[in-house]
Novice: 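Take this structure first; my questions come after.
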There are 2 protein chains.
Amino acid sequence: MPNRPLTLPKQDCVDCPIRHKAVCAHCEPDELSVLEEIKFYKGFSAGQPIVWAGDQMEFVGSVVSGVASMTQTMEDGRRQMVGLLLPSDFLGRPNRETVAYDVQAATDVVLCCFRRNPFHQLITTTPHISQRLLEMTLDELDAAREWMLLLGRKTAREKIASFLTIIARRDASLKNMPSLGGPLTFDLPLTREAMADYMGLTIETVSRQMTALRKDSVIELDGKRHIIVPDFEALLAETGDDDDGGLPA
Amino acid sequence: MPNRPLTLPKQDCVDCPIRHKAVCAHCEPDELSVLEEIKFYKGFSAGQPIVWAGDQMEFVGSVVSGVASMTQTMEDGRRQMVGLLLPSDFLGRPNRETVAYDVQAATDVVLCCFRRNPFHQLITTTPHISQRLLEMTLDELDAAREWMLLLGRKTAREKIASFLTIIARRDASLKNMPSLGGPLTFDLPLTREAMADYMGLTIETVSRQMTALRKDSVIELDGKRHIIVPDFEALLAETGDDDDGGLPA
DNA sequence: GGTTTGGATTGACCTAGATCAACCCAAATT
DNA sequence: AATTTGGGTTGATCTAGGTCAATCCAAACC
């Protein structure tokens, strides 16, 4: 696993997951600058594994740029994605040695990491950070529950539409485009296979429903990855959610 | 919602969710006895709603006895359970005013509650508690991820078998029966409908798969709710999980 | 410039689980 | 004792999405 040399362009500074300046390369350390001493960056290229389920994981960290997926695989090969890590999302459990799921870079990924033990130490002495982590974990739990509704009760078309709105929302918030309503454009960070694993579908069904949405003019496709949504409200109407549904984030 | 008068028998003391003696009726308060002043109990009878999505929720708390479910409902009535609250599970977000899901008592339920604002106050000043809550929330997230695999990739039979092992495990840990291997007996805390909402199935499919498991001697049914598992390993083999899978708890 | 290669699409067909409908059964009601 | 009532079961049929197989297509590689 050859980690690339890493230069972090300024615009890649994201809102720090623990809401602390010291986690970003270009921010000045403040009273918790001890973090600087246990911080390092890791780069992964698209497709590369980040950790395997059962591995020791000697760091925790947050996604600075790129997208990673957490998946669970059954003995016969059936796979289900159980986490999608986008910029500002946190990876790892401070006080657990091994990791429970396979984590893989979906696109090129940059992680801002902290050595696990000192970070855990820090948590126990800094209420600020454990409260922030609790907040983030609760948000993740809410997202997981939306996801469960998608997996358990939505049709294939609704699943695709919901997935697209989730990506669109996160993409927009990354670009600081607060209000979504009109036309809108973004890139899919996942292959059709990864999308299928996200939604509990096959790649064929994903493909068919994508073309169906295209034929019904809900979306336009430019290549395989670039999506144009002429009317976000129209896409929302396909999700099966009541209007304001989904994650606020 | 007529809350019953509440007398809490001693054996119903469960391991406190925040690992703090003051949450149990029969335990002595300790250095954090301030909790006693904001603590109260609530009882709900089977079927009764505890909170509706969107309601103000002025308390947080943990399940002392009984089972409650969290569900999400789509406009057309499709329902998905997204949380199953068993004894020792925690309910509510300290710093969120409204609740995001319908919570309903599946059996008679006793909650040990704390007024939300003072409890939140306490968290911000007591790292002990927020760390414990973080731990619990992370466990809940792991459970949600197992659940996502069940919803997205398992067959109806595997779903039923997995659900039964989850209930069996929790029931056994409640009775302090550490090692599961041989025969085993427990009651289902849910109706067939609630089971269907748990697994993203219809009640008919749940019913059919239960009788299929019975005909294949994986389980025995005594009435509709009482389950006898002659060989727990045989049930595990039906879940699709690799041997040690599922939640450790 | 031809050829791998790997993701993506499309078509034909099949099946697990949904749907619709009848019936069961035990506990509560009168 | 008859009768609701509500959860549960069982059967017949239907269909959304899976499976299998062929083809497409653009980027990477000789």
Side-chain angles (χ1 to χ4, degrees), chain A residues 45-48 69 74 76-80 104-107 150-164 187-215 219-227 238 240, chain B residues 45-48 69 74 76-80 104-107 150-163 187-216 219-227 238 240:
Chain A
S45 45
Q48 215 184 359
S69 64
M74 295 171 70
D76 60 4
R78 281 175 282 173
R79 277 203 305 163
Q80 176 63 51
Q104 208 176 357
T107 64
L150 179 148
L151 288 171
R153 294 302 191 190
K154 289 188 177 178
T155 65
R157 174 184 263 245
E158 288 170 341
K159 286 177 176 180
I160 302 277
S162 302
F163 171 76
L164 292 176
D187 280 306
L188 290 177
L190 302 180
T191 65
R192 296 290 187 268
E193 186 176 19
M195 287 173 63
D197 288 341
Y198 184 106
M199 295 178 271
L201 298 172
T202 59
I203 52 174
E204 292 95 331
T205 299
V206 171
S207 184
R208 277 186 253 270
Q209 295 299 332
M210 291 286 286
T211 58
L213 286 175
R214 182 168 52 69
K215 284 185 179 155
I219 59 174
E220 289 159 39
L221 279 165
D222 176 13
K224 285 134 194 324
R225 295 292 196 98
H226 192 71
I227 305 282
E238 297 284 347
Chain B
S45 44
Q48 214 183 0
S69 65
M74 296 171 70
D76 61 4
R78 280 176 282 172
R79 277 203 306 164
Q80 177 62 51
Q104 207 175 359
T107 64
L150 179 149
L151 288 171
R153 295 301 189 190
K154 288 188 177 179
T155 65
R157 173 183 263 244
E158 289 169 340
K159 286 178 176 181
I160 302 276
S162 301
F163 171 76
D187 281 305
L188 290 176
L190 302 180
T191 64
R192 297 290 188 267
E193 186 176 18
M195 286 172 63
D197 288 340
Y198 185 106
M199 296 179 269
L201 298 172
T202 59
I203 51 174
E204 292 95 330
T205 299
V206 171
S207 185
R208 277 187 252 269
Q209 296 298 332
M210 291 285 286
T211 58
L213 287 175
R214 182 169 52 70
K215 284 183 179 155
D216 297 345
I219 59 173
E220 289 160 40
L221 279 165
D222 176 15
K224 285 129 193 331
R225 293 293 194 97
H226 192 71
I227 305 281
E238 297 284 347

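Chain letters run A, B, ... following the sequence lines, proteins first, then strands; residues in each count from 1. Only this structure's heavy atoms are used, side chains among them; waters, hydrogens and symmetry mates stay out.
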Novice: Using a strict cut-off of less than 4.0 Å between a Lys/Arg side-chain nitrogen and an Asp/Glu carboxylate oxygen, indicate whether A:Lys224 and A:Asp187 qualify as a salt bridge.
Specialist: no

Novice: Output the rounded distance in Å from NZ (A:Lys154) to P (D:dA16).
Specialist: 18 Å

Novice: Please lay out, stage by stage, how B:Arg192 and B:Glu204 fare under the test side chain to side chain contact (heavy atoms under 4.5 Å, CB included).
Specialist: CA-CA 9 Å; B:Arg192 297 290 188 267; B:Glu204 292 95 330; over 6 Å; no

Novice: Pick the nucleotide of DNA chain D nearest each of B:Gly223 and A:Arg157; which residue has the one closer to the 5' end?
Specialist: B:Gly223

Novice: Could you give the CD-to-P distance, from B:Glu193 to C:dA18, as a whole number of Å?
Specialist: 14 Å

Novice: Using atom CG of B:Asp222 as one end and atom C1' of D:dG8 as the other, report the distance to the nearest whole Å.
Specialist: 15 Å

Novice: Taking only Lys NZ, Arg NE, NH1 and NH2, and the carboxylate oxygens of Asp or Glu, determine whether A:Lys159 and A:Glu238 approach each other closer than 4.0 Å.
Specialist: no

Novice: Take atom CZ of A:Arg225 and atom C1' of C:dA8, then tell me their distance rounded to the nearest Å.
Specialist: 11 Å

Novice: Can you sort out which residues in residues 198-211 of chain B have a heavy atom within less than 4.0 Å of DNA chain C? Ascending by number, please.
Specialist: B:Gly200, B:Leu201, B:Thr202, B:Glu204, B:Thr205, B:Arg208

Novice: Please state how far atom CZ in A:Arg214 lies from atom P in C:dT10, giving the value in whole angstrom units.
Specialist: 6 Å

Novice: CD1 of A:Ile219 to CE of A:Met210: how many Å apart, nearest 0.5 Å?
Specialist: 4.5 Å

Novice: Report the distance from atom CD1 of A:Ile160 to atom P of C:dT9, rounded to the nearest whole Å.
Specialist: 10 Å

Novice: Does a side-chain N-to-carboxylate-O contact under 4.0 Å join B:Glu220 and B:Arg214?
Specialist: no

Novice: Take the protein atom CE of B:Met195 and the nucleotide atom P of D:dG8, then report the distance between them rounded to whole Å.
Specialist: 9 Å

Novice: Flag the pair A:Glu193 and A:Arg79 as a salt bridge only when some basic side-chain nitrogen lies within less than 4.0 angstrom of an acidic carboxylate oxygen.
Specialist: yes

Novice: When you get a sec, tell me which of C:dT10, D:dG17, C:dA8 is the closest nucleotide to the side chain of A:Ala156?
Specialist: D:dG17

Novice: For A:Leu221 and C:dG7, give me the distance from atom CG to atom P, rounded to whole Å.
Specialist: 18 Å

